[in-house]
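Since the model is a prediction, treat every value here as computed from it, not as a measurement.
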Amino acid sequence: MIISNLLISWYLANKRELPWRQTKDPYTIWLSEVILQQTRIAQGTAYFIRFTKEFPTVFDLATANEDEVLKLWQGLGYYSRARNLHYTAKYIVNELNGVFPNSYKSLKKMKGIGDYTASAIASICFNEVQAVVDGNVYRVLSRYFNVKTAINSSRGIKEFKEIAQNIISKENPGLHNEAIMELGALICTPKNPNCGACPLSGSCLALKKNKIDSLPLKLKKTKIRTRYFNFLVVNINNQSTILEQRKENDIWKHLYQFPLVESNEELSHESILTSDNLEKLIQDKSLQLKLFNQNNIVHILTHQKILAKFWIINTKSDHKNAVEWNNVSNFAVPVIISNFLEKFR
DNA sequence: GATCCGTGGAG
DNA sequence: TCTCCAAGGAT
C-alpha cells in the first residue's frame, strides 16, 4: 500500500472539523496558516475566528491600520507575523491588484511566507505538488523512515523536505499535506504516540526498532538572556497615563508599554527616582514613587527571561502624550502589560 | 547558519 | 518545577 493512500484514507475518516477546513479561499487559508505558525490550535482558533470576522477579505486587512491588526493579534505572540501579514495584504492589494499569488514560487516571495506556508497554500488552494514540512511532518517522517538527522540542522531541513516531496500524492497534494500533519497532531505525538491506531505502523521503521521515543533528533541551543524591566506607570490625577510604542528591533516591536527603564541588574527605588527617563518624563519634584509588586514578575520568552517591576508614579503634572486610562485598552500591549493592567484596575 | 522572535499547555 | 514544543520565518 502506498503511504499517501494510507494517510489520506485515515485522514478522511479521522480528521477534526476545524473552521479553516471549510474553505479553499487562499486569503483565508493564508490567515489560518500564519496564525497557526508555532501556535497550538487551541490557542489560535479564537484568533482565526476574530480575524476572518474583522477582515473577511484581503482588502479589509489592507485597509486597516497596523495598530488595529496588532491589537487583534494581542496575546498570540511572535508579533512580526501580524506586521508581515498586514504588510503583505497591502502589497497584494496595491501592487498585485488584489489578486492573490497562486503558485508556490510567487507565494514564497511574500513577506512572512516561507517554505511551509507557501507549500500549504499552494497545495491546498491550487493543487500544486509541494510538500509541507512542519513540526508534525518532521516527527512522522523521522520515525517512519528512522532518520536521525537533526531536524533543526540545515542538512536536516533539506533532507526532510526531499523525503516529504518524494512521498506526497501527485493527485491530492493538499489532502496529503493535511493528512500527514493531522497524523502527527493526533497519533504520532511527541510523547506517548498512539502507534496502535496508526495507519503507518505496519511499516514504521522506528517502531520496528523500538526507537520511537528518541526521534526526531533535535540539536538544542538555549541561551537565555536575563533583562530587568522597570515600567514607569505614570498616574496623572487618576485620569490618564503615558504609553510609548516599542520601535527597536527587539521583542514586542510596535506594541505599546509604559515608559521603561531597563538594566542588567536590580535597580533601587532611589535610582528609579533619579533616572534620566523619569526626569525627562515629568518635571515634578513632589511626585510619589511607589513599587507595585515587591517581587519581580517573571516573564519567560523563548530566549529571554524578563524580571519586571511596575513603579506607580502619582503626579498632578499633565503630559502632552497622556492617554486616558479608559482608552488604554485600545492599545496593543504585551501580555506582561495586560496582566498588570488587570491587577492594577 | 546560528540566533532571535511570544505565549501557553502538556507531561 | 522544569522541559519541551506548537500548521515557522527573518536576519
Side-chain angles (χ1 to χ4, degrees), chain A residues 11 15-16 18-21 29-48 70 73-85 87-88 107-124 130-140 150-158 160-161 164 174 176-186 188-193 213 216-225 227 246 248-255 298-306 332-339:
Chain A
Y11 176 70
K15 68 172 179 172
R16 293 166 291 180
L18 299 171
W20 46 88
R21 287 184 177 162
I29 296 297
W30 171 51
L31 216 44
S32 75
E33 294 298 348
V34 174
I35 286 172
L36 291 174
Q37 283 167 11
Q38 296 292 284
T39 303
R40 292 174 191 283
I41 286 174
Q43 188 188 7
T45 300
Y47 287 83
F48 173 79
L70 284 171
W73 198 273
Q74 179 180 307
L76 198 53
Y78 284 160
Y79 297 94
S80 67
R81 292 183 292 169
R83 299 195 313 268
N84 289 335
L85 196 70
Y87 178 95
T88 292
L107 284 160
K108 204 167 173 306
K109 289 184 176 136
M110 303 296 110
K111 196 169 281 188
I113 297 185
D115 191 276
Y116 165 80
T117 304
S119 301
I121 300 172
S123 63
I124 293 169
Q130 275 292 337
V132 296
V133 185
D134 74 333
N136 293 304
V137 177
Y138 279 123
R139 203 161 49 246
V140 172
I151 61 172
N152 57 342
S153 66
S154 48
R155 263 187 53 211
I157 292 167
K158 195 175 164 191
F160 281 100
K161 174 78 181 187
H176 171 102
N177 279 336
E178 293 194 85
I180 191 169
M181 288 191 284
E182 189 78 337
L183 186 77
L186 298 182
C188 196
T189 49
K191 293 184 178 170
N192 304 316
D213 290 335
L217 205 68
K218 194 173 184 180
L219 300 155
K220 60 164 136 187
K221 34 192 173 182
T222 44
K223 259 189 194 162
I224 296 191
R225 173 162 71 123
R227 303 168 76 176
R246 294 181 63 87
E248 301 76 20
N249 283 322
D250 192 1
I251 55 173
W252 306 324
K253 183 177 178 182
H254 289 189
L255 270 62
V298 183
H299 193 81
I300 305 291
L301 291 77
T302 307
H303 293 90
Q304 298 183 31
K305 182 176 181 179
I306 308 294
V333 298
V335 164
I336 193 170
I337 299 291
S338 58
N339 284 347

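- Using a 4.0 Å heavy-atom criterion, one finds that A:E178 contacts no nucleic acid atom at all.
- We find that CZ of A:R227 is positioned 12 Å from C1' of B:dC5, with the value rounded to whole Å.
- Comparing the P positions of C:dG9 and B:dG9 gives an interatomic distance of 24 Å, to the nearest angstrom.
- Within the nucleic acid shown, A:W73 has no heavy atom closer than 4.0 Å to any nucleic acid atom.
- Judged as a ring-ring contact (aromatic ring centres under 6.0 Å, His included), and not counting sequence neighbours, A:Y116 has no contacts.
- For A:S123, the side-chain hydrogen bond (donor to acceptor under 3.5 Å, both in side chains) test picks out A:N177, with sequence neighbours left out.
- Residues A:L18 and A:N84 each lie close to DNA chain C; by heavy-atom proximity, the contact nearer the 5' end of the strand is made by A:L18.
- Atom C1' of B:dG8 sits at a distance of 16 Å from the matching atom of C:dT1, rounded to the whole Å.
- A salt bridge does not link A:R139 with A:D134: every distance from a Lys NZ or Arg NE/NH1/NH2 to an Asp or Glu carboxylate oxygen is 4.0 Å or more.
- Ring geometry, A:Y138 versus A:F160: the interplanar angle exceeds 60°, so the pair is classed perpendicular (tilted spans 30 to 60°).
- Of the residues listed (A:K108, A:K158, A:K161), the one engaging A:D115 in a salt bridge (charged side-chain N to carboxylate O under 4.0 Å, His left out) is A:K161, and it is the only one.
- Ion pair A:K15/A:E178 not flagged as a salt bridge, since none of the NZ, NE, NH1 or NH2 atoms sits closer than 4.0 Å to an Asp/Glu carboxylate oxygen.
- In terms of position on DNA chain C, the residue among A:D115 and A:P190 whose nearest nucleotide sits closer to the 5' end is A:P190.
- C:dA7 and B:dC4 have their P atoms separated by 24 Å, with the value rounded to a whole Å.
- Read 5' to 3', the first and last nucleotides of DNA chain C with an atom closer than 4.0 Å to a heavy atom of chain A are C:dC4 to C:dA10.
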Please encode protein proximity along nucleotides 6-11 of chain B as a string of B, S and -, counting only heavy-atom distances under 4.0 Å.
BBBB--
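- Aromatic ring centres of A:Y79 and A:W252 lie farther apart than the 6.0 Å criterion allows.
- When heavy atoms are screened at a 4.0 angstrom cut-off, A:T117 is found touching the sugar-phosphate backbone but no base atom.
- Legend: residues meeting salt bridge (Lys or Arg N to Asp or Glu O under 4.0 Å) with A:D213, ordered by chain and number and at least two apart, are absent.
- Applying the side-chain hydrogen bond (donor to acceptor under 3.5 Å, both in side chains) rule to A:S32 yields no partners; only residues at least two apart in sequence or on another chain are considered.
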